[in-house]
Each structure stands twice: as C-alpha cells, then as structure tokens.
Number of protein chains: 2
Amino acid sequence: MKTKVIIVDDHALFNDGLTLILKEESDYFEVEKQVFDSRQAAYHCLSINPDLVLVDFNMPHLNGLDVVKQLKTLSDKYKIVVISMYAESREIKQFKEAGVDGYLTKTMPALELTSSLKKIMQGEKIFENEMNKKEVFDKDNFFKKYQLTKREIEILKVLKKGHTTEQVAKTLNLSFYTVETHRKNINQKLQFKTKSEFYEFLNNVDLDD
Amino acid sequence: MKTKVIIVDDHALFNDGLTLILKEESDYFEVEKQVFDSRQAAYHCLSINPDLVLVDFNMPHLNGLDVVKQLKTLSDKYKIVVISMYAESREIKQFKEAGVDGYLTKTMPALELTSSLKKIMQGEKIFENEMNKKEVFDKDNFFKKYQLTKREIEILKVLKKGHTTEQVAKTLNLSFYTVETHRKNINQKLQFKTKSEFYEFLNNVDLDD
DNA sequence: CAAAAAATACCTGTTAGCAGGTATTTTTGA
DNA sequence: TCAAAAATACCTGCTAACAGGTATTTTTTG
C-alpha cells in the first residue's frame with residue numbers, strides 16, 4: 001500500500017520538484033495530484049482521499065494556514081504537512097494549533113524530507129525548528145532552480161539596501177534602463193505577484209557567498 | 001545610576017543617530033563618548049570605564065571583531081554589543097565566541113534597540129537574527145510610541161496580505177482616498193524613508209492581538 | 001458640552017515601478 | 001568557432017505610491 005499524496009503549492013517549479021523527490025521513492029509515495037491553486041485543495045482532497053497532503057506555507061488566494069483549517073473541517077483521516085520557506089516559531093505555533101502533523105522547511109535536503117515524511121506517516125509529529133534562520137531560502141536549491149545570473153544577484157544586493165532602480169544604476173555604473181531590464185527578468189524568473197512579495201523576498205534572502 | 005555608554009562607529013551619521021536614540025532615554029542611558037576611530041576605542045574605554053560599549057561591525061583600520069577582542073583583554077566589566085548592518089550567521093558566531101553580550105542590526109527600530117540594550121544590561125544575551133526578529137519586536141511599546149490608531153493597524157493588516165491601496169479600500173468598504181490618507185499618516189508616523197523599509201516593517205511586524 | 005482625536009473624502013502633480021516590447025554587444029561554453 | 005546566454009540599452013504607456021495639501025463628519029474624552 002503506497003502513500004497517496006496531494007501536493008498543494010502554487011509555485012509550479014517547487015511543486016514539480018517535490019513531486020520528483022517523491023518519485024525517487026515511488027515504492028513508498030504516489031503523487032496523486034499536484035494542486036497549484038490553493039482554492040482547489042479541498043475539492044481534490046475530497047475526491048482523491050489521500051493519505052498525506054503537503055501544503056505550501058505562502059500562497060495567493062488561500063494561504064497555507066487557511067488551507068489547513070479548511071482541510072481539517074473535512075476530515076481527520078489524512079496527515080497534513082506544511083512545507084515552508086521559513087522556520088519561524090510564531091507560524092509554527094499557529095500550524096500546530098491548527099492540527100498539522102508536521103512543519104518542514106524548504107531548506108532541508110531531499111533525503112531528510114522523505115525520511116521525515118515516512119516518520120510522520122507512522123504517527124510521529126515533526127516540527128522543524130532549526131535555528132538556522134538566515135538561510136530562509138535554500139540558496140543552492142533556490143538559485144539553481146531559478147537560475148539567477150551573477151548580475152541579477154548583484155542588483156538584488158544593492159536593492160536590498162533600500163535603493164531605487166535609479167540609485168542602483170548609479171552605484172553599478174549602468175544605464176537606468178539596463179537595471180530595469182534586469183529587474184524585469186528577475187521578476188519574471190521569481191514570479192512575484194505583488195511588490196510586497198518582492199520585498200519580503202528581498203528582506204529574507206541571503207545573497208552572500 | 002545611569003548606564004555609561006561608549007559608541008564606537010566610524011560612520012559619524014550613524015554614531016550621532018545612535019547617540020540621539022539613547023538620549024531619548026536619557027534617564028537610563030548616558031553617552032559618555034563617541035569614538036569615530038576604532039583604534040582609539042581601547043584608550044577611551046580605559047579612561048572612562050563605561051558600563052556598555054556599542055561597537056560597529058565594519059570599520060576601517062580595526063574592524064569590530066578586533067575591537068571586541070582588544071576590549072576583552074582589558075576588562076570583563078563592561079558589556080559589549082555589536083551593531084551590524086546585516087544579520088549574518090557566520091559573523092554572529094564569531095562574535096559570540098569573542099564573548100560579546102549582544103549582536104543587533106542597524107535595521108531594527110529604535111525602540112527595539114533600546115529595549116534590547118536594557119535587557120542586555122540586566123544580563124540577558126541577545127543575538128539578533130531573522131528568526132527571533134518578530135518576537136523581539138516590542139509591540140506594546142511600539143504602538144504606544146507611534147500612536148497608530150485602530151484603523152491604521154487594520155489597514156496595515158490588509159496591506160500585509162500584499163494588497164494595494166485600491167484593494168484595501170474595497171476590502172474595508174472605504175474610499176480609495178481615505179485609505180491613501182491613512183497610509184500617508186502611517187508613513188508620517190513611522191518615518192519610512194524607502195519602500196523597502198516600509199515593506200520590511202510590514203513583513204516583520206506582528207499586528208495580531 | 002466642547003474640544004481633541006480619529007476617520008472620512010477629495011484634488012493635484014510627481015515619481016517609481018512595471019509590463020511589453022526591440023535590439024545590440026559581450027561573454028561563455030560545447 | 002559559433003550559437004546560446006548574459007548583459008547592455010532604449011522606448012511607450014500605464015498604474016501605484018506618495019507628498020502636499022484641504023475639508024467635513026464622527027467619535028472619544030476631559
């Protein structure tokens with residue numbers, strides 16, 4: 001009996017990545033459905049009746065916490081595990097209260113993830129609370145996946161200081177237009193939907209080598 | 001008995017700013033000396049014998065870590081707190097090993113800084129990183145000082161979800177202009193200089209009751 | 001009750017950001 | 001070496017944000 005899994009993550013790339021990781025252990029996990037719109041999570045859980053639901057923490061429309069609460073009203077049968085970019089105690093507490101079975105971070109290695117999930121399926125509860133703070137975004141994985149170039153990272157570093165596009169251009173001796181182009185490309189790669197999202201990323205990402 | 005403070009920071013503006021911040025709490029802190037050349041830190045500490053030394057992280061000639069090591073060979077009596085541009089785990093570890101009492105970032109609001117320093121003077125050790133940021137934030141103090149109104153906090157809550165002024169207006173059944181006015185007032189009260197600052201605040205502040 | 005504080009709303013002009021292009025040069029790697 | 005990737009630069013048009021006002025109504029509170 002394989003573990004039937006539903007992945008709820010609006011971020012297609014990560015959703016796919018997670019699916020591939022679980023496929024590596026296809027004798028144990030079976031990804032039944034990848035949900036990209038959190039509002040459809042409940043519907044798919046009802047129709048598929050999975051053993052395990054992996055929910056991303058920050059999503060548009062319905063965030064992870066809302067999804068968890070919704071799923072909890074539907075059934076107690078499936079395990080729910082939150083996968084987050086942040087290991088932040090306040091959020092973890094909220095999810096604990098909402099009754100999830102685990103809170104894992106996107107920074108953990110694939111092997112650790114699958115082994116943690118197996119433990120959770122056996123009834124254990126795992127709340128990743130590593131005080132590894134600044135590595136909120138897993139640098140290696142992150143930059144590899146999204147393929148930010150050197151110049152783009154350089155521009156992000158200057159933006160991180162609170163500078164505007166024009167100030168960045170002056171700092172790096174570039175044309176205003178060039179910096180705008182780079183910003184455009186960064187936004188396309190990282191798919192920010194709001195300015196808030198962009199600045200949240202900027203404030204949390206570790207760009208140092 | 002006030003806390004005698006020496007500030008070691010080559011950056012005159014920030015050195016002054018820090019002094020002003022501590023002057024706001026002049027019944028607790030007394031800035032005895034502003035040192036702008038890190039090579040003179042030891043000399044002044046010996047002659048003044050302060051209770052607290054605030055050391056900038058990156059300075060010419062002698063960097064923060066070197067200053068700390070030097071001071072530590074002189075005396076164990078005064079508390080040493082490093083003030084840095086960014087919270088970087090590797091550096092924090094080094095300073096911890098050097099025996100500092102705290103590592104705070106320049107990005108933290110003034111009130112958080114003074115409240116942290118007070119705690120340190122009482123023997124607590126505080127190492128600021130992205131993880132404990134949200135919790136260190138002294139909510140009550142903050143809102144008391146800046147006197148944000150109920151409506152303003154309500155608007156911040158909606159903005160926190162990444163909504164625009166227009167979306168906030170719709171959500172709260174207000175005119176677009178009203179929300180803009182509130183935002184204007186918030187910005188005036190909190191004195192954000194850049195958008196990045198505003199969003200950093202928004203992403204880190206705890207608005208829940 | 002009267003004054004202060006808070007909340008509401010409107011107006012103008014400016015700037016930053018961003019989406020959607022085009023296009024050339026430089027660098028790099030198979 | 002040559003094609004792809006990266007970096008550079010420009011243009012238009014639109015929208016959100018923001019600074020600097022004014023002004024009325026509602027709520028709070030001494």
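Treat the numbers as computed from the prediction; the structure is a model and nothing was measured.
- For the pair Ile155(A) CD1 and dA7(D) C1', the interatomic distance rounds to 9 Å; values are reported in whole Å.
- Contact annotation: His182(A) side-chain N/O to dT8(D) OP1/OP2 distance is under 4.0 Å.
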Counting primed atoms plus P, OP1 and OP2 as sugar-phosphate and everything else as base, spell out the protein contacts along nucleotides 19-30 of chain C at 4.0 Å heavy-atom distance: B, S or - for each nucleotide, 5' to 3'.
-BB---------

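- A residue-by-residue look at Arg151(B) and Phe198(A) shows that Arg151(B) has its nearest nucleotide of DNA chain C further toward the 5' end.
- Partners of Asp101(A) according to the salt bridge (Lys or Arg N to Asp or Glu O under 4.0 Å) rule, which considers only residues two or more places apart in sequence or in another chain, are Lys125(A).
- Residues passing the side-chain hydrogen bond (donor to acceptor under 3.5 Å, both in side chains) test with Glu154(B), sequence neighbours excluded: Arg151(B).
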Show your reasoning for whether side chain to side chain contact (heavy atoms under 4.5 Å, CB included) applies to Val81(A) and Ile126(A).
CA-CA 9 Å; Val81(A) 173; Ile126(A) 299 182; over 6 Å; no

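- The distance from atom CD1 of Ile153(B) to atom P of dA5(C) is 18 Å, rounded to the nearest whole Å.
- Evaluation of the salt bridge (Lys or Arg N to Asp or Glu O under 4.0 Å) rule for Glu180(A) yields no partner, not counting sequence neighbours.
- Across the protein-nucleic acid pair, Lys195(B) atom NZ and dT15(D) atom P stand 16 Å apart, rounded to whole Å.
- In terms of the side chain to side chain contact (heavy atoms under 4.5 Å, CB included) criterion, residue partners of Ala42(A) (sequence neighbours excluded) are, by chain and number, Gln70(A), Leu71(A), Leu74(A).
- Applying the ring-ring contact (aromatic ring centres under 6.0 Å, His included) rule to Phe198(B) yields the partners Phe192(B); only residues at least two apart in sequence or on another chain are considered.
- Separating the CG atom of Asn185(A) from the P atom of dA7(D) is a distance of 10 Å, rounded to the nearest angstrom.
- Under the side-chain hydrogen bond (donor to acceptor under 3.5 Å, both in side chains) criterion, Thr165(B) pairs with Arg183(B), sequence neighbours left out.
- Residues satisfying the side-chain hydrogen bond (donor to acceptor under 3.5 Å, both in side chains) criterion with Glu197(B), sequence neighbours excluded, are absent altogether.
- In this structure, Thr178(B) reaches the dA9(C) phosphate: one of its side-chain N or O atoms is under 4.0 Å from OP1 or OP2.
- With rounding to the nearest 0.5 Å, the separation of CD in Glu166(B) from OG in Ser175(B) is 10.5 Å.
- Following rounding to the nearest Å, Leu156(B) (CG) and dA7(C) (P) show an atom-to-atom distance of 12 Å.
- If one axis is set at each end of the helix from dC1(C)-dG30(D) to dA30(C)-dT1(D) from five pairs, those axes are 60° apart, to 10°.
- With sequence neighbours excluded, no residue forms a side-chain hydrogen bond (donor to acceptor under 3.5 Å, both in side chains) with Lys184(B).
- Against DNA chain C, the stretch residues 162-177 of chain B makes heavy-atom approaches under 4.0 Å through Leu174(B), Ser175(B), Tyr177(B).
- Under the salt bridge (Lys or Arg N to Asp or Glu O under 4.0 Å) criterion, Lys118(A) pairs with Glu25(A), sequence neighbours left out.
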